[in-house]
Protein chains: 2
Amino acid sequence: MTDHSAHQASPPTGQLQCQGCSLCTHCLPLGLGPEELKRFAAIIDRPRPLKRGELLVRQGTPFTSLYVVRSGSFKQVVVDSGYREHVTHFLLPSEVAGLDAVGEAIHATSVVALESSFVCELPFTSLEALSDRLPALRGALYRCMSQELHRDQRLHCLLSFATAERRMASFLLDMSARHAERGYSPFGFQLAMSRADIGSFLGLALETVSRLMSRFQRRRLIAIEGREVSLLDLPALEALAEQGDTRR
Amino acid sequence: MTDHSAHQASPPTGQLQCQGCSLCTHCLPLGLGPEELKRFAAIIDRPRPLKRGELLVRQGTPFTSLYVVRSGSFKQVVVDSGYREHVTHFLLPSEVAGLDAVGEAIHATSVVALESSFVCELPFTSLEALSDRLPALRGALYRCMSQELHRDQRLHCLLSFATAERRMASFLLDMSARHAERGYSPFGFQLAMSRADIGSFLGLALETVSRLMSRFQRRRLIAIEGREVSLLDLPALEALAEQGDTRR
DNA sequence: CGGTCTTTTGACTAAATTCAATAGGCGTGG
DNA sequence: CCACGCCTATTGAATTTAGTCAAAAGACCG
């Protein structure tokens, strides 16, 4: 999906260079100076490649580190009290996994690779120690957490109010925007997750997801080939996501 | 709803005493020693009473402070891109408003009093400065933020998966549990918000909320008198919230 | 090449929304 | 104190959306 060189040969342990990383302008250490960035890079350890389906974080295990997605993608899942699995987020490169466990002892979610992926591990104690001396880093951490709260709020609005069509359109636009932010094309990308995952995330049956994709394709809003999506008519999708067929 | 003495006569400015506050064991400064608590209390300023409908925080205004609910209750609302209002949370005493703006310049939500209420204002710069010297306070702040992330995740599961009946049962049980945590009865409380607010929060039409309340009452699960609710059969409600009528 | 998992599509069903009309509460002002 | 009006809540009937069940087609892996 992204920087394929990254997960074919791992960089030497403890020597991940943030400067060389294409994500540097969107990643957690956003806003650090070059010297600060070097100190930040120094705490990254055990760079980890993961294969499709592998767990980066297991719900219920102790919290020790945050993980930044360097390449590939992940889903964040919660197993609820009835032992059903719910997808609560999808993570793209430069996004941070584990924030919901900061300040807690235990991870409340699992994080699963959707494809061959690569993460930078940030041991939280080191991160804390470093951010004592780098206020910008602390600020970045706060920003990440509150951004996640915002995202959850937008999602709440979507799930509690929008029709299936609006949810789907919003989802596609959100993915598009996030790809664009990271320097990829907003018009075409891989959806590494299954229809069932999308359905779980959006609160729809997987059949509904499939039907909507087909409907959008018939209307020439998108083109689909398996998990590869092209957005053909962004304005129309935006119209769907905003006004589209208002309920309530 | 809670400590009525508190919002009839305001305590003297700058002299809110956390020690005297009944919420002390659930509030943000949880885990501070007596000496630390005193230093914490010293940064609380401009204690503010609010009347029903008054805005504590207005979406789009600059972030300066966190607010702890001391008495009364609030709703957190987002106005989305289509200018529709969505209730994203309800705040009870000892809960913190403004966390989604930490690390941001601007509030992304409004917070509105549901009844006569009282808040402790924590100017964020003071809080930050103090938490540099009190690691326990920083930890408490992290904990608050990640707890909010957890809550959002549970909500995501509820909204994306549960039937109207399960949502309603879960909502009532959540309110009950939160009242209980704060030393009030889990079996009876005021719902200070309107049916429309509950509907907006749960992603249901207000008519559906009303119908479900009636249905629950007919089944002797609850008793309603206006906005006063009694939970008559907690186990049955829990069964509804957990298994109740499984979809998907 | 066979088997399994994922996706698509159709027909039917059920749940929740919408529209509409009524009833209940609350505060204001006569 | 009662009457009026406004806002909130309740209840019913019809509609619509999305879910469930089922079957077939396609993709992927060994």
Side-chain angles (χ1 to χ4, degrees), chain A residues 51-53 75 84-87 112 114-116 158-171 190-219 222-229 240 244-248, chain B residues 51-53 75 84-87 112 114-116 158-171 190-219 222-229 240 244-248:
Chain A
K51 286 195 282 291
R52 177 180 162 75
K75 63 177 174 182
R84 278 172 296 249
E85 197 179 285
H86 302 274
V87 176
V112 184
L114 290 171
E115 59 191 309
S116 292
L158 199 68
L159 293 176
S160 69
F161 180 75
T163 60
E165 210 169 55
R166 276 186 63 189
R167 293 184 204 189
M168 195 67 216
S170 296
F171 171 71
Q190 279 274 342
L191 292 177
M193 67 296 285
S194 70
R195 304 290 191 259
D197 286 336
I198 299 174
S200 172
F201 177 70
L202 291 177
L204 301 172
L206 70 93
E207 294 94 329
T208 306
V209 172
S210 180
R211 268 186 262 269
L212 287 169
M213 299 264 242
S214 304
R215 189 191 300 175
F216 286 178
Q217 189 165 33
R218 271 195 302 276
R219 292 190 200 158
I222 64 174
I224 321 167
E225 287 177 86
R227 292 188 172 180
E228 184 78 34
V229 183
L240 261 189
D245 171 62
T246 308
R247 287 200 304 185
R248 215 157 315 158
Chain B
K51 286 195 282 288
R52 177 181 161 75
K75 62 176 173 182
R84 278 173 295 249
E85 198 179 285
H86 302 274
V87 176
V112 184
L114 291 170
E115 59 192 308
S116 293
L158 199 68
L159 293 176
S160 68
F161 181 75
T163 60
E165 210 170 55
R166 274 187 63 187
R167 294 184 204 190
M168 194 68 215
S170 295
F171 170 71
Q190 279 275 342
L191 291 176
M193 67 296 286
S194 70
R195 303 290 191 260
D197 286 336
I198 299 174
S200 171
F201 177 69
L202 291 178
L204 301 172
L206 70 92
E207 293 95 328
T208 306
V209 172
S210 180
R211 267 186 261 270
L212 287 169
M213 299 264 242
S214 303
R215 189 190 300 175
F216 287 179
Q217 190 166 34
R218 270 196 303 277
R219 291 191 201 158
I222 64 175
I224 322 166
E225 287 176 87
R227 293 187 172 179
E228 185 77 34
V229 184
L240 263 188
D245 175 59
T246 307
R247 285 201 304 186
R248 214 158 314 157

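Note on naming: letters A, B, ... go to the chains in the order of the sequence lines (proteins, then strands), and numbering restarts at 1 for each one.
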Please state how far atom CZ in A:F216 lies from atom P in C:dT9, giving the value in whole angstrom units. 14 Å
Protein-nucleotide distance (B:E165, atom CD; D:dG19, atom P), rounded to Å: 18 Å
Could you state the atom-to-atom distance from CG of A:D197 to P of C:dT7 in whole Å? 8 Å
Side chain of B:A164 only, please: which of C:dT17, C:dT7, C:dA16 is the nearest? C:dA16
Any side-chain heavy-atom pair of B:Q190 and B:E115 under 4.5 Å: no
What integer distance in Å separates B:L191:CG from D:dT10:P? 11 Å
Roughly, in whole Å, what's the span from CZ in B:R195 to C1' in C:dA16? 18 Å
Closest listed nucleotide, where the reference is the side chain of B:E207 and the choices are C:dT8, C:dC19, C:dT17: C:dC19
Okay, side chain of B:S214, backbone of B:S210: is any donor-acceptor separation there less than 3.5 Å? yes
Using a cut-off of strictly less than 4.0 Å, decide whether B:S194 has a side-chain nitrogen or oxygen near OP1 or OP2 of D:dT8. no
Whole angstrom value for the distance that separates C1' of C:dA16 from CG of B:L212: 9 Å
Nearest-nucleotide 5' precedence on DNA chain D, B:S214 against B:R52: B:R52
A:L206 CG to D:dA22 P, straight-line distance once rounded to whole Å: 15 Å
Using the closest heavy atom to pick a nucleotide of DNA chain C for each, name whichever of A:R227 or A:R211 lands nearer the 5' end. A:R227
Any donor-acceptor pair under 3.5 Å linking the side chain of B:R166 with the backbone of B:L158? no
N/O donor-acceptor pair under 3.5 Å between A:R52 side chain and A:L114 backbone: yes
Nearest-Å distance for atom pair CD1/P, residues B:I224 and C:dG25: 13 Å
